[in-house]
Each structure stands twice: as C-alpha cells, then as structure tokens.
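Note sheet for the following structure.
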Number of protein chains: 2
Amino acid sequence: MARQAARESDRAETPAGSAGNGGRRVSARDRVFDEICQWLLTGRIVPGRGVSLRGLAAELGVSPMPVREAIHRLAAEQALEIGPTGRIHVPAMSAARFEEIVKVRVLLEPELAAMALPHIDKPALQALKAIDAGIDRSLETGDVESYMRLNHDFHFGIYGAARSEVLLPLIESIWLQFGPFMRTVYGRMGTSHMVDQHERALDAIAKGDAEGLKSAIAGDILDGMRLLGLAIVGETDTATAGNSNVTAFDKS
Amino acid sequence: MARQAARESDRAETPAGSAGNGGRRVSARDRVFDEICQWLLTGRIVPGRGVSLRGLAAELGVSPMPVREAIHRLAAEQALEIGPTGRIHVPAMSAARFEEIVKVRVLLEPELAAMALPHIDKPALQALKAIDAGIDRSLETGDVESYMRLNHDFHFGIYGAARSEVLLPLIESIWLQFGPFMRTVYGRMGTSHMVDQHERALDAIAKGDAEGLKSAIAGDILDGMRLLGLAIVGETDTATAGNSNVTAFDKS
DNA sequence: TTCGAGGAATTGTGATCACATTCAGTGGAA
DNA sequence: TTCCACTGAATGTGATCACAATTCCTCGAA
C-alpha cells in the first residue's frame, strides 16, 4: 500500500523489529504511514473532522515525530491537506478534482495493467480470482470496508506485477486521494447499486489479451466512478466544512 | 515548483516571513523543500554522491528538522531515495525507469496542456514567448542550467494555467525524477544537439487549437527525451555508484 | 605493498521541550 | 437573549539531545 520499505513490512507478520523479517528494521515512520494509508483507503478516516498530530500519535503509541513525517508525506501527495493555519484535514472532494482523478485513472491504470500482464502467472491469476470471489461476498453482505480493501487488493494485485517504479507510486497516490470520498459515498448509498466488473479483466488476463485488459480496467474505473460522480452532484459542500455530524473516525 | 504554500512563496519577493506577503507565514520546511527542488530541477544535485541531512541543514542555515521532512517528502515522490541503511542519495536512472517516465509524460502532459489552453490569455502567451526567447539564448550560449530552468518555466507556465489540483502535482513529481539525470546528460553532451520545439506549441496556443497543442507537447517531450534515451544506452552504471568523480554539488 | 581489524566520526531516527498561533468555552455587558 | 472580549487548552513548528547503526579512516600485521 505504501512505498519502498513499506512492502517489506507487509510481508513481515511479526509486529515490529523482531528478527526474521529479512534483517530489515522497519522504521516507526513507515509503520505509521502504512497505518494511516490503510485508514484512508478503507475509509476509517473520512472528510469532516480534522485529525491531530498528537491524537494520532497517542492512538498509534508513538511520539508525534514519526506521525508528523507521515502526515507531511501524505500531504505532499494531496491525500491530506494542511490548511492555512497548519491544521490537518482530509481534503474535500470537488467536481473538478473528481473529474481530474477519473481522467488520470483512465489514462494510467489500463497502461500499467497492460505492462503487468506478461508478469501475471497462473498462481497470481488464481489469487486474483480468490480476491474477486471475496468482493462478491462483500457486496452481498454489504460490508463496505471489506469491499474497499479487496477492490484495492484486486487492482494492485494486477498493477504490482509490473514491478513499476514510476507509474505504480503515481496510481497509489491517486487512490489515496479518492479513498475517503469513496467511503463516505458508499457508506451512504450502500453496496446494492454496485456491480462487479472484474470478470472481463480476469478473462483478458487468462487469454493474455492486453487490449482487452486495458479496456476492462478502463470500463471498471468508469463504471465505479460514475456511481461516485452521481453522488457528487448536489452535495457540493456536504463534506466541505465541519458542519457534518460524521466523525473523522467512522468506526467508533 | 513545489506544492501548496510554495506557490505563495514564489509570489513573495521578500525573503522570509516579513509582512506584506499576504499575511501567510512560510514554514522553513516549505522553504527548504523549494530550495532542494530547485537544486534537483536545475541539476545542482546530481546522481553520484549522497546528500546528508546535517550537511543540507548547515548549508541552508536551519536545523536538521525541516530538512528531514523535506527530504522524506522528496523520497515519497521518488525524487530521492533512502537506501536500506537509511542513507539518502539521488536514485540512478535505469532504462526501464526512463521508459516509464517518458510514457507517463506523454500520457499526462498533453492532456494537462489541453486543459490549460482556454485559460491562457494574451499576456500569458506573451510571457511564454519571452521564456522561449530566453531558451534560444541559453541554447546559443550553452548555458545548461539556465536552459533547464527556462524549459521548466515554459512547460509549467502552460500547465499552471489549468489550475489543476491532481494532474499538476503528478507531473511535478515526474519532473523531479528526471531532472538530475537530464542535467548529467546535458552537461556531458552540451546544448548543441538540442532543438527548440516550442514554436509549434506557441502557434497552437495562439490559434486555440487544442489538438495541435497536445501534439506539439507530445512531440516536444518525445524529441527531448529521445536525446536523453540515447545517452542511457551503454552507460548503464555510470551513474549508479559512487565511482564517478562528479560531486553531488556540481557548482563548487 | 596489500589486506584486515579497530576506533572515531558521521549518519538517520525518535523523543522531549519551548514557543507562537489558533481554536473553543466562558464570562459579562448591552 | 444576543454579542463580544477574554482566557485556557490544544495544535503545528522547530530545535536540541540521546542513541544505535553505519561508514570511513587509520594503523598494524602479513
């Protein structure tokens, strides 16, 4: 989900700097960064209330220092916003912003998927199918958080195979930007209107059809974002200021 | 060149937190970030030697703290790399990386230019022409650093008019990644082989021709990067390790 | 001359502290 | 009841310190 050393920490099941994780010591900064990324992508942090350095630090059991660096890193990728007075908050979604996000996703993600295609072997394809099955279950049970996590895993399960150093971080950055917004919308409309568009992609991968995969990914993006786009109309400032009664931490 | 508050600081001619810059106080972190960005984009920092936190801090006259945050921000955008042991260095360019960069640039930059086109008024067009004239002078005199700065100003003079919140930061991030590499190559080959391809873009802007502008930008990118691409062949590890005799600070 | 061991200097990391600014809650006055 | 000034809590920022790890240089042995 994150960057560089982060992927190592994903692999390590042991909580922290214990031996056996390949000898690499994971810094608290990266751990905090990954954690906040998760909260953003699964929608545990939603627009509305602000987040505070010391608050996050206390919740994560570290000093404000690593949190500060992780926050600024997120702010650099537009996943968080630092207001004129220095306050940290999740940026509100605007129509223009949303339109740009869709445009970038459609431009970049099919391209990266096509690059990844030759590197997706049989076991990887099976893993993707398993994830997709999980997505169907999440849609049936209406588990939004689980759906978002699995949908993320599906897409990046494909993209990650490309071993990309440039495109992949860019796309990760984009996902961090619409994750919180996606969660608020889905949380309001439920999962009933959502359709799983991943079969076409899986078929194209099985056949090694690059153009088909690109088209499937683009279709999946456009279809999923169309639902979100409908939600943005008429609620131009539901998520702008702190007048909403949703809290930053939606799970409490 | 940078993000958010950075643009405010660009406008303020007064060096630091003096009154009259709109009342906004610029943080040392953003100032340091902008400075290092400049060094990266104009090639003052080149691959080869590493850079150190305390060294930069001393050079910039601040404590290591703001530098640390700026560095990590740059590392998050792949403009700098943090090695397994935590050492900071400019990442080496690889063929695969370079290919991805070109692909992303061709996908995104023409798109953003087309978005910007309706917002470029007469004075802005005149400013672009002035920059282009400066580029021609730099090519004649062989001033690589000046050329790189003006070329950057030309492109972002166009892109900036789009008021983009998503595409623009992405493209800025990409430029930071190939800036240092560009400088090393140009420093070696000189400016004699370079051709100014900006006239087509200026014509398209004057005529309000979106497709023409997209094509001109794409052509400019491909042409400029083709030269760089030629340089990458056969020097696969000239810039990888510290075996080169170029220093990180090329101006000393 | 070459190689390797040992120690000193340097590096990034994380914590704590001091400070200016800002936000929220309370009080009193109109 | 409404509005505004004031005060205390909370926030982000930057600096300094302590520490573990690494790197680099030096000295000595082969």
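Here is the naming used below: chain letters follow the sequence lines, and residue numbers restart at 1 for every chain. What you see is a predicted model, and the numbers here were worked out from it, not measured in a lab. What's counted below: heavy atoms across the whole structure, side chains too, no hydrogens, waters or symmetry copies.
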Specify the separation, in whole Å, of atom CG of L53(B) and atom C1' of dA21(D). 15 Å
Considering only heavy atoms from C-beta outward, does the side chain of Y186(B) approach that of T191(B) to under 4.5 Å? no
Taking atom P of dT11(C) as reference, at what distance in whole Å does atom CD1 of I88(B) sit? 10 Å
Are F156(B) and Y159(B) an aromatic pair by the rule of ring centers under 6.0 Å? yes
State whether H72(B) places a side-chain N or O below 4.0 Å from either non-bridging phosphate oxygen (OP1 or OP2) of dG12(C). no
Tell me the interatomic distance from H89(A), atom NE2, to dC23(C), atom C1', rounded to whole angstroms. 14 Å
Between dT22(C) (P) and I82(A) (CD1): distance, integer Å: 15 Å
Distances under 3.5 Å between protein N/O atoms and the N/O atoms of nucleotides 15-20 of chain D, please, pair by pair.
from	atom 1	to	atom 2	distance (Å)
dA15(D)	OP2	S63(B)	N	3.1
dA15(D)	OP2	S63(B)	OG	2.4
dA15(D)	O5'	S63(B)	OG	3.4

Checking contacts here: which listed nucleotide (dG14(D), dT22(D), dT13(C)) is nearest the side-chain heavy atoms of R29(B)? dG14(D)
Results of side-chain contact (heavy atoms from CB on, under 4.5 Å) for A161(B) - residues two or more places apart only: A116(B), H119(B), I120(B)
Do E69(A) and R73(B) make a side-chain contact, defined as non-hydrogen atoms from C-beta onward lying under 4.5 Å apart? no
Ignoring backbone atoms, test whether S52(B) places a side-chain nitrogen or oxygen under 4.0 Å from the OP1 or OP2 oxygen of dT11(C). yes
From the candidates dT13(C), dT13(D), dT23(D), the one with an atom nearest any side-chain atom of T85(B) is dT23(D)
Whole angstroms only, please: what is the CG-P distance between L56(A) and dT11(D)? 10 Å
Take E109(A) and W175(A) through the test side-chain hydrogen bond (donor to acceptor under 3.5 Å, both in side chains) and record every step on the way to the result. CA-CA 11 Å; E109(A) 293 189 32; W175(A) 277 63; 2.9 Å; yes
Side-chain touch E81(B)/I88(B), heavy atoms, less than 4.5 angstrom: no
